[in-house]
Amino acid sequence: MVQLVKLEQQEQFDELKKGDIVVVKWNERSDEHRAAVRKRKIKEAEPHFIGHYNMVEITRLNEVVLEVKRNIYFNIGMYLDGESTALEAHKIEG
């Protein structure tokens with residue numbers, strides 16, 4: 001059975017492995033949201049964009065790299081403190 005597990009603690013991020021599928025809900029200030037509006041994947045009035053990614057790595061600066069080519073990442077500490085453009089992050093298990 002497939003489950004979405006919300007990532008809420010540093011230890012959960014530390015357990016991520018390359019290739020794990022991570023689903024992220026971005027706020028309207030994020031580059032990912034603006035890119036989705038430009039590509040007409042979502043309407044400009046929609047407050048959030050949800051994307052899924054194969055996790056690449058966690059850097060020494062405690063950032064989750066989700067896609068290298070488009071430079072998609074977020075800082076784990078800022079996310080856990082509620083200061084990130086990534087509003088929610090979930091790992092798909094199963």
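What you see below is based on every heavy atom in this structure, not just the backbone, and it leaves out hydrogens, waters and symmetry mates.
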Tell me, with the steps shown, if Val65 and Ile58 meet side chain to side chain contact (heavy atoms under 4.5 Å, CB included). CA-CA 6 Å; Val65 178; Ile58 295 179; over 6 Å; no
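- A donor-acceptor contact under 3.5 angstrom links the side chains of Gln10 and Asn62, judged on distance only.
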Where do Ile92 and Val2 land on the side chain to side chain contact (heavy atoms under 4.5 Å, CB included) test, with the steps shown first? CA-CA 7 Å; Ile92 295 180; Val2 177; 3.5 Å; yes
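- Interatomic distance, Glu63 CD to Glu57 CD, rounded to the nearest 0.5 Å: 9.5 Å.
- Here Ser84 contributes atom OG and Ile76 contributes atom CD1; the two are 10.0 Å apart, rounded to the nearest 0.5 Å.
- Scanning both residues, Val24 and Ala86, for their nearest heavy atoms gives CG1-CB, 3.8 Å.
- Not counting sequence neighbours, Tyr73 has no partner by the ring-ring contact (aromatic ring centres under 6.0 Å, His included) test.
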Just distance, no hydrogens or angles: give the donor-acceptor pairs under 3.5 Å from side chains in residues 16-23, sequence neighbours left out.
from	atom 1	to	atom 2	distance (Å)
Asp20	OD2	Lys17	N	2.8

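- Between Asn54 atom CG and Glu67 atom CD the span is 9.0 Å, to the nearest 0.5 Å.
- When all heavy atoms of Leu80 and Glu8 are compared, the closest pair comes out as CD2-O, 3.3 Å.
- Taking each heavy atom of Tyr79 and Ala89 in turn, the nearest pair found is OH-N, 2.9 Å.
- In terms of heavy-atom proximity, His90 sits nearest to Glu88 at NE2-OE1, 3.1 Å.
- Separation of atoms OG1 (Thr85) and CE (Met78) is listed at 7.5 Å; rounding is to 0.5 Å.
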